[in-house]
Number of protein chains: 2
Amino acid sequence: MATIVDVAKLAGFSTATVSRVINETGKVKITTRRKVLNAIKELNFSPNISAQILQSKQSKIIGMVFPDASSIYFSEIIRGIINLVNKYGFQIIIGSAHDEEEELKTASRFLNGRTVDGLVMMAPSLTNEELFNIPINHNTPVVFISVPPEKAGMTTVVLDNFNSAIKMTQHLIKLGHRRIAFIHGSPHNYDSKRRYAGYLKALENEGIPESLKLEAEGNFTEDSGYKACQQLLKTEPRPTAIFAANDAMAIGAIEAVKDSGLKVPDNIAIVGFDDISTSQYITPALTTVRVPLYEMGQLVGKTLLQKINSDSKEHLTVAEQIVIPLEIIVRESCGAKLK
Amino acid sequence: MATIVDVAKLAGFSTATVSRVINETGKVKITTRRKVLNAIKELNFSPNISAQILQSKQSKIIGMVFPDASSIYFSEIIRGIINLVNKYGFQIIIGSAHDEEEELKTASRFLNGRTVDGLVMMAPSLTNEELFNIPINHNTPVVFISVPPEKAGMTTVVLDNFNSAIKMTQHLIKLGHRRIAFIHGSPHNYDSKRRYAGYLKALENEGIPESLKLEAEGNFTEDSGYKACQQLLKTEPRPTAIFAANDAMAIGAIEAVKDSGLKVPDNIAIVGFDDISTSQYITPALTTVRVPLYEMGQLVGKTLLQKINSDSKEHLTVAEQIVIPLEIIVRESCGAKLK
DNA sequence: ACAAATAATGTAAACGCTTACATTTAATAT
DNA sequence: ATATTAAATGTAAGCGTTTACATTATTTGT
C-alpha cells in the first residue's frame, strides 16, 4: 500500500511537494503538479486519513450519538444531517447507545479522542444533571436534539412541541370536546413531556378542571397505544377525544376503538403527533402534527457546520435554542370534516 | 487537552506504562495501575483515536457507502448493521453518495485511507464493470449488498428476489390471473431486475406467451406507481393483476385504480414487494413479499466482522454469495380471500 | 549471600502525514 | 552582467500513540 514517500520517489519530488499537490496548498509548478498526479494515479495512492487528522487536527467528520430509537424517527433526522454535511465534504460517524451512560461515554470518546470536528447528540431522555456532566468545555461544538437548553455552551434544536400541543388540544376543544384524554410516550422523554405540558396548558386556558383530565401511560409503540386506549375506554364517562403523544400510539388507539365496536371519529376522536407516512393511509386517516424530521436534520447539520467553521468561541459561552415550528394536519380521525 | 505524556508525568511512570494500563496489555503492578487510572481520571484523558489508528493500524470502524436511498430501506439495514457491530465495540462511518462515481470515490477513500477495518457497500445500480474497478485487492474485507456476485474476493448479501418473484407471480396465476402486468423499479437497479426476471420466469413456466406480458416503467416511488398503473389501465384488454417491484409503487397503483372507479381486488389485483410498515394499514391491505431489512443488516454486520477477525485471506480470493430467503404475506389486495 | 530467572518499567523509533522555515531556482530590475 | 525579488521546492520536526527491545527491580533457588 503506497505512502506519500513512495509517491514522492516515483514523481521525483519531496513529500512536501506531494502534500502541496494533494491539498492544493502553496505554489507548485504545473509540470511538477502533473508529474505528481501521474505518480498518485499509477500507485493508486490515497492519503492515510488518520495521519492527516493527527497532523492537521481536523477530521471533516461529524460524530452522532443516538439512543436506540425507532427507525423512522432516527432515520429521517440522520438522513437530513448526512445529506447536508456531505455537500460540504463531511462524513458522519455513528455511536448508537443502549442507555444514557453508554451515550455519555461514546460522546466523551468522540470529543476527547478528537475524532470529530463536531458532535450531534440526540438525547431525549438525558436528565439535566447528566447533561451538565458532559465535558463540552472544549473547542469541539456540540448540537443537541430534543433536550432542555439550560447550560452555557449548549446549542439545542427542539420541536415546538408545547405550542403545537396547545393548538391540537384547542382544535379538539373547538370541535366540542371537553373530556380529552392524553396518552404519554416513554417516561422521561423530553418531547413527550413538552407535548403533555401543552395539552395541560390548553385545558387550563379553557378552564377545564384538573379532575376532568384523563391520561394513560404509553411508550411510543403501537401496542402501548392500543392498551392505553383500552384502559381509557373503561373510564365512565369515557373520553370523547384522545390525544396520543405520537402517531404509532394513535394508530394503536384507533385499532382498540375499532375492536371495541365503537367508531372513530363518530364515537371518539383520536389525534396523534409526528405524521409518520402510514398516518394518511389508515382508515380513518389520522389528524396529527407534522414533524419535519428531515428538515430538522438539515438544520442541525447546517447549525453545526456554521459553528465548526466559525472562528468565534461564542458557542462555548452562550446557550442557544432553535425551535422548529410545527403544523397541524387535519384529516378524518378528529371528526372536523363531519361538521 | 491532556495527552498520554501529561498522564505519564502526573502518574510518575512512562508513556509505555500508561499505554499498557489503557490497553490492558503486558504486565503492570496493581499499585502502578491504580496511580495511572487516577491520573487519567483527574486529567479527563481519552486517547487520541487517530494516533491509535496510525500506530496500531486498526480502527474498530466500519465504513458504509450508500447511494441516496429511500429512508425506510436505508434505515432498517443500517440499524441492523449498527446494532450488531456496536455489540462488538465497532462504530460506523457513513459516506453517502449521489451517484455511482461518488460512491466509488468514497469507497476508495475509505479503503486506501485505511480509516476502516471493513466496508459495507450498498450498490444496487453499479454495473459489473464499475464493480470490477473497485480496488478491493487489499486486506480490508468488503461486503456488498444487492449486487451480482461475480468477482473473486467479493462477498455479497442479496435478497432472494428471483424465487420470491416467481412465487408471487405463481400466486397470482393460481388465483386465475393470466394477464399480469409488471411495474419496474429504477432503471439498472439490481433488485428490480431480479424481481422482473422472476416474474418472466413464472410466466414462461406457465406457458403464458410473451405477447401477453405487460409492463410499465417506475422508479420505486408512489407517484411513479400511480402513473404506471394509469398507463396499464388504458391497455385493452386491461391487466387483471399488477405486480409492482416495490410497495410504494403498489400503493400508488391502488390509488390510481380507486381514482379510475375500479376496485381492488374485485376488478384488478395488486401486489407489491418489501412490506413497508404502511402496507398492512391501507385499504385493501397489500399482499407483498416481506423483506427482513433489519435482519439483513445484522447478517451483513456479522459476516463482515467474521472476515475482519479472521486470519485467513480467503475473502480476497473467493466469491461468496449469501441469499436471504423471503416470505410472501397474503393480505386483501390480491383477492385470495374472496375465493 | 549471591546468582539466575522473572516481573516491571523505560527508551526511543516509527506509524504517515503536514508545514514552518530554509534553500535553490527563476524572473525581474538596474 | 549583476543584484534583488519572487517562485518553487526541500528539510526535518512533530502531531500522539504503540511497542520491540533494553534496563532495572524483584523474586527465587542454591
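All values below were derived from every heavy atom in this structure, side-chain atoms included, with hydrogens, water molecules and symmetry-related copies excluded. Every chain is numbered from 1, with letters handed out A, B, ... down the list of sequences.
Residues forming a side chain to side chain contact (heavy atoms under 4.5 Å, CB included) with B/Q58 (at least two apart in sequence, or on another chain): B/S56, B/D117. With sequence neighbours left out, the side-chain hydrogen bond (donor to acceptor under 3.5 Å, both in side chains) criterion links B/S46 to no other residue. Taking the side chain to side chain contact (heavy atoms under 4.5 Å, CB included) definition, one finds that A/E295 meets it with A/R290, A/P292, sequence neighbours left out. Every residue was checked against the side-chain hydrogen bond (donor to acceptor under 3.5 Å, both in side chains) condition with B/N38, not counting sequence neighbours, and none meets it. Partners of A/R33 according to the salt bridge (Lys or Arg N to Asp or Glu O under 4.0 Å) rule, which considers only residues two or more places apart in sequence or in another chain, are A/E24.
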Under 3.5 Å, which protein N or O atoms sit close to an N or O of nucleotides 27-29 of chain D? Give each pair with its distance.
none

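Within the structure, salt bridge (charged side-chain N to carboxylate O under 4.0 Å, His left out) contacts touching residues 37-61 of chain B (residues at least two apart or in different chains) do not occur. Listed by first then second residue, pairs satisfying side-chain hydrogen bond (donor to acceptor under 3.5 Å, both in side chains) with a partner in residues 6-17 of chain A read A/T3-A/D6, A/S14-A/T17, not counting sequence neighbours.
The overall bend of the helix from C/dA1-D/dT30 to C/dT30-D/dA1, read as the angle between its terminal helix axes built from five base pairs each, is 40° when rounded to 10 degrees.
With rounding to whole Å, B/M1 atom CE is found 15 Å from D/dC15 atom P. Atom CZ of B/F13 is separated from atom P of C/dT11 by 13 Å (rounded to the nearest Å). Separating the NZ atom of A/K57 from the C1' atom of C/dC17 is a distance of 13 Å, rounded to the nearest angstrom. Rounded to an integer number of Å, the gap from B/L54 CG to C/dA13 P is 17 Å.
Residues A/K307 and A/P141 come closest through the heavy atom pair CB-CB, 3.7 Å. The two atoms that bring A/G80 and A/Q298 nearest to each other are O-CG, 3.4 Å, heavy atoms only.
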- Note on the structure: 5' to 3', nucleotides 17-23 of chain D under a 4.0 Å protein heavy-atom cut-off (B base, S sugar-phosphate only, - none) gives BBBB---

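Taking 4.5 Å as the limit, some side-chain heavy atom of B/I62 sits within range of a side-chain heavy atom of B/I308. Residues A/Y190 and A/V158 form a side-chain contact, since some pair of their non-hydrogen atoms from C-beta on lies under 4.5 Å apart.
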Show me the side-chain donor-acceptor pairs of residues 81-95 of chain A shorter than 3.5 Å, one per line, residues at least two apart or across chains.
unit_1	atom_1	unit_2	atom_2	d
A/N83	ND2	A/Y294	OH	2.9
A/N86	OD1	B/S96	N	3.3
A/N86	OD1	B/S96	OG	2.8
A/N86	ND2	A/F90	O	2.7
A/Q91	OE1	B/R109	NH1	2.6

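For the side chain to side chain contact (heavy atoms under 4.5 Å, CB included) with B/V18, the lone residue among B/I4, B/T32, B/V28 that qualifies is B/I4.
Of all the residues in residues 27-39 of chain B, B/K27, B/V28, B/K29, B/T32 reach under 4.0 Å from DNA chain C with at least one non-hydrogen atom.
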